[in-house]
Each structure stands twice: as structure tokens, then as C-alpha cells.
Protein chains: 2
Amino acid sequence: MTPRPNPGPAPEPAVATSPEPAAVPVPDPAGTPPPGSTLGMLRLDQHVCFSLQSASRAFNGLYRVLLKDLGLTYPQYLVMLVLWEHGTLPVRKLGEHLRLDSGTLSPLLKRLEAAGLVHRERSARDERSVEVRPTEEGLALRERALDIPRRIAASTGIGLDEIQDLKARLDHLTTALDTAAANEA
Amino acid sequence: MTPRPNPGPAPEPAVATSPEPAAVPVPDPAGTPPPGSTLGMLRLDQHVCFSLQSASRAFNGLYRVLLKDLGLTYPQYLVMLVLWEHGTLPVRKLGEHLRLDSGTLSPLLKRLEAAGLVHRERSARDERSVEVRPTEEGLALRERALDIPRRIAASTGIGLDEIQDLKARLDHLTTALDTAAANEA
DNA sequence: GGGCATTTAGTTGCGCACAATTTAATTGCG
DNA sequence: CGCAATTAAATTGTGCGCAACTAAATGCCC
């Protein structure tokens with residue numbers, strides 16, 4: 001009932017580690033390890049991946065604010081972007097554009113359909129495939145989204161050319177990481 | 001029961017939109033809109049945010065492979081990084097380092113505790129606070145993580161200096177986006 | 001010192017990402 | 001043709017991110 005974790009019966013079996021944690025059990029036997037060293041590379045502030053994830057989440061936060069009016073989440077917005085650009089697409093193609101599989105897309109599309117923004121229909125040519133088509137309402141939403149990219153761009157505080165450069169580097173990085181992950185598997 | 005969506009009773013009420021979707025309901029009245037135009041900015045390939053998110057997810061995928069041995073997820077690994085670097089920390093401080101709140105950290109830490117890697121104990125000085133301390137097992141895991149940054153770095157396919165430059169840009173971007181989101185609210 | 005605002009974690013609920021599995025349709029190959 | 005392999009989507013289950021809320025402890029101010 002209570003949100004507290006510990007006042008109950010068996011909360012502190014813990015592990016038979018150190019009998020009494022004096023003060024700082026771990027860090028800095030001789031100060032912060034240098035960035036280039038093996039130990040130093042485990043420092044959080046050395047991790048691009050974290051900066052990357054932080055930036056992505058910051059984007060997400062700004063989109064969340066801007067998309068509130070439209071009633072869309074950020075992933076749903078990306079789906080609508082693809083549909084606005086390409087029109088009706090099967091789920092698989094949608095997933096290729098967005099790097100998402102049916103496990104993510106199926107429930108998301110169900111929500112978009114419930115919101116009246118898309119229509120799903122099994123393909124007549126290939127009954128395995130489901131065609132996702134933006135409804136009139138979904139198409140109309142595009143007008144209300146028109147100024148979002150501009151507002152986002154203005155918020156980044158960097159120029160369009162630097163954005164393009166950044167994008168190119170990131171896409172290159174993504175390719176390299178995907179390749180590595182496939183080879184490590 | 002069946003995974004199919006539509007053969008059931010009421011799957012196709014849809015919306016009274018277009019009577020018959022001819023072929024391509026949307027795109028390109030006059031070809032692809034140019035990148036700089038208002039319409040063109042809604043193109044997915046114009047969105048840094050998507051490249052950013054893709055790169056972040058690609059990182060995540062590679063980490064997933066490399067961390068499998070250690071039994072850690074990527075977010076759990078980040079938590080351990082902070083604990084290895086700073087030793088025992090209250091949940092709040094942990095969250096400041098990682099940009100996470102208790103809603104995310106509480107269950108994650110519970111899982112780390114169940115795995116025997118951390119110990120949680122309410123602070124004696126301030127009973128509101130919970131101190132998160134790496135166990136001996138948690139500390140020992142650091143040795144097994146030592147070569148992960150090197151393997152990741154090797155997989156990025158870019159130099160350490162460019163990594164640093166990228167990181168700096170991303171951190172700057174994150175700050176700008178956070179500011180914008182706060183002001184739009 | 002009493003009472004109220006603030007702070008800290010935890011919980012609940014929702015949506016997304018992803019692995020693994022299931023079902024059905026299609027393809028391919030003998 | 002018949003049957004195995006492949007493909008498409010959905011489902012299930014787990015974990016993360018975040019908003020909203022709750023409970024408890026502390027700080028503060030009169």
C-alpha cells in the first residue's frame with residue numbers, strides 16, 4: 001500500500017558484501033582517470049552514445065510539446081510524415097522507412113486508425129500484406145503540421161548547413177554501427 | 001485467437017472518406033517538393049531528429065550484443081557506469097547524471113538489485129533519500145566491461161577527435177532543445 | 001513548536017522498441 | 001501438383017521513458 005520500499009518485512013536481505021559502507025566505496029584511488037586510459041573510457045562523459053541519446057530525447061521532448069495540439073506522439077508523427085510523402089504503403093514498407101518492425105507498428109497503427117487518421121486494409125493482391133492509407137482527416141492534418149519543422153529548426157540554434165552536416169555524419173555512423181552489430185552477432 | 005486483424009465481425013467501419021482509393025491518394029502533384037520549401041521540410045529525409053534517433057537506436061543495438069554477456073541492458077549499463085565512476089549515490093543524483101527520474105530509475109534499480117549488482121538503502125541522514133551502492137559483484141563487473149568502450153569505438157568507424165567534435169555539437173544541441181521545450185510549455 | 005510548502009522515491013498507466021513466437025499467405029522447387 | 005521454405009503481420013512479454021499521482025520526510029516561516 002505505502003509507496004515506501006523498506007519498512008516492510010523482507011526488504012533488506014541485501015548481499016553479504018562489505019559489512020559497513022564507510023563513505024565512498026569506489027572511485028578515484030588516485031583522482032579521476034584520464035580520458036584516454038582504459039579506465040577513463042568508462043566515464044559517462046566520454047560516451048557519444050549518451051550525448052546522442054540525450055539529444056534524441058531532447059528532440060522528443062520538444063516534439064511532445066509541439067505535437068500536443070495535433071494529438072500525435074513523435075513516433076506517430078514520423079509515420080504520418082511517411083504517409084504524407086509516399087501515400088498508401090504496406091506495413092512492411094512503412095517499417096523500412098522508419099526502421100521499425102510490425103511489433104512496434106501494429107499497435108501504433110491501430111491507435112492511428114482509432115484516431116481516424118489512417119485506414120488499414122488487407123491487400124487484395126497479397127493477402128499477407130496490409131495497406132496503410134491516410135484518411136482525409138489524416139491528410140488534412142498535414143496542413144496543421146506545416147510549421148512544425150520551422151519551429152523545430154529555429155529551436156536547434158544551429159544553421160541549416162550544419163544540420164545537414166550533422167545528419168550526414170549520423171547516417172554514416174548508423175550504417176557503421178549496424179554493420180558492427182550484425183558482425184558481432 | 002487468430003493474429004489476423006480483419007476477418008472478425010466489426011473490423012472495417014473505417015471512416016467515410018474516399019469511396020474507392022484509386023491508387024496513390026497523396027503524393028507528388030508535381031514531383032517531390034524541394035528540400036527548402038515548406039512542404040519539403042516535412043520530408044523524413046530532411047529530419048535530423050530521425051537520423052539522431054536512428055543512430056541512437058543503432059548504438060543501442062550494438063550495445064545489446066556486447067552487453068549480453070554481462071547480463072545488462074544499455075540503460076542498466078549506463079547506471080553502472082555512473083556508480084563505477086562516483087560510487088554510492090542517491091537516486092536523485094543518479095537521475096541527474098543520466099537525465100532520468102524515479103519513474104524510470106526505481107524499477108530499473110530494483111532489477112539491478114535483484115541481479116545482485118547494487119544495494120539500496122534509505123539514507124540515515126535523510127529518510128527521503130535512498131542510497132544506491134554497487135555491491136562487490138557490481139564492482140567486479142567493471143573489469144568485464146573494460147573493453148566495451150574500445151570495441152564500440154572501433155565499430156563507429158570514425159576517429160576519436162571527430163567523436164569528440166560530434167559529442168560537443170550534440171551536447172550543445174541538447175541544451176538548445178531543452179531550453180526551447182521549456183519556453184514552449 | 002505547529003503547520004504548510006518542498007523534496008525524494010515509489011507507483012500507475014501509457015506508448016514505444018525489440019525479441020520471440022504464431023498464423024496465414026505466397027513462393028519455389030522437386 | 002504437392003510440400004517445404006519464405007514472407008507479412010500480429011501477438012506476447014520485457015524493459016525503458018515519461019507524465020501524473022501518492023506517501024513520507026524535511027525545511028521553513030511565522
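By convention in this document, chain letters (A, B, ...) are assigned in the order of the sequence lines, proteins followed by strands, and residues within each chain are numbered from 1.
Between L78(B) atom CG and dG15(D) atom C1' the separation is 14 Å, expressed in whole Å. One can place OH of Y63(B) at 18 Å from C1' of dG15(D), the figure rounded to the nearest angstrom. Atom-to-atom, CD of E121(B) to P of dA9(C) comes out at 14 Å; the value is rounded to the nearest Å. Atom CD of E113(B) is separated from atom C1' of dG10(C) by 14 Å (rounded to the nearest Å). If you measure from atom CG of L105(B) to atom P of dG17(D), you get 9 Å, rounded to the nearest angstrom. Distance R125(A) CZ to dA8(D) P: 12 Å, rounded to the nearest Å. Distance CD (E131(A)) to C1' (dA8(D)): 12 Å, rounded to an integer number of Å. For L72(A) and dC14(C), the CG to C1' distance is 16 Å, given to the nearest whole Å.
Side-chain proximity of D126(A) to dG10(C), dT26(C), dA9(D): nearest is dT26(C). Each of dG15(C), dT11(C), dT26(C) was ranked by its minimum atom distance to the side chain of K110(B); first place goes to dT11(C). With distances taken from any side-chain atom of S106(B) to the nucleotides dG10(C), dT26(C), dT11(D), the minimum falls on dG10(C). Relative to the side chain of R122(B), the nucleotides dG15(C), dA8(D), dA9(C) differ in distance, and dA9(C) lies closest. Proximity note for R128(A) (side chain, C-beta onward) versus dA24(C), dA10(D), dT6(C): the nearest is dA24(C). Closest approach to the S129(B) side chain among dA8(D), dT8(C), dA10(D) is made by dT8(C) (side chain taken as heavy atoms from C-beta onward).
Heavy-atom distances to DNA chain C give each of P107(A) and L109(B) a nearest nucleotide, and the one nearer the 5′ end belongs to L109(B). Both Q76(B) and K93(A) lie close to DNA chain D; mapped to their nearest nucleotides by heavy-atom distance, the more 5′-ward contact belongs to K93(A).
Between D165(B) and R169(A) there is a salt bridge, since a side-chain N of the basic residue sits under 4.0 Å from a carboxylate O of the acidic one. E127(B) and R122(B) are not joined by a salt bridge, as no carboxylate oxygen comes within less than 4.0 angstrom of a charged side-chain nitrogen. Between D178(A) and R99(A) a salt bridge is recorded (basic side-chain N to carboxylate O distance below 4.0 Å).
For H97(A), the NE2 atom sits in a packed shell: over 12 heavy atoms of surrounding residues, nucleotides or ligands are nearer than 6.0 Å. Heavy-atom contacts from other residues, nucleotides or ligands closer than 6.0 Å to CG of L160(B) number 12 or fewer.
Under the 30°/60° scheme for interplanar angles, the aromatic rings of Y63(B) and Y77(B) are found to be tilted.
Between the side chain of E85(A) and the backbone N or O of L44(B), at least one donor-acceptor pair lies under 3.5 Å.
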With side chain to side chain contact (heavy atoms under 4.5 Å, CB included) as the test, would you mind laying out the steps for L173(B) and L52(B) before giving the verdict? CA-CA 11 Å; L173(B) 182 57; L52(B) 209 46; 4.2 Å; yes
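Residue contacts shown for K68(B) are absent, as no nucleic acid heavy atom lies under 4.0 Å away.
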With 3.5 Å as the limit, what N/O pairs link the protein to nucleotides 17-19 of chain C?
| unit_1 | atom_1 | unit_2 | atom_2 | d |
| --- | --- | --- | --- | --- |
| dA17(C) | OP1 | Q53(B) | NE2 | 3.4 |
| dC18(C) | OP2 | R57(B) | NE | 3.4 |
| dC18(C) | OP2 | R57(B) | NH2 | 2.7 |
| dA19(C) | OP1 | R64(B) | NH1 | 3.2 |

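For dG10(C), the base has a donor-acceptor partner in the side chain of S102(B) [N/O atoms by modelled type, under 3.5 angstrom].
Contact annotation: R120(B) reaches the phosphate of dG10(C) (side-chain N/O to OP1 or OP2, under 4.0 Å).
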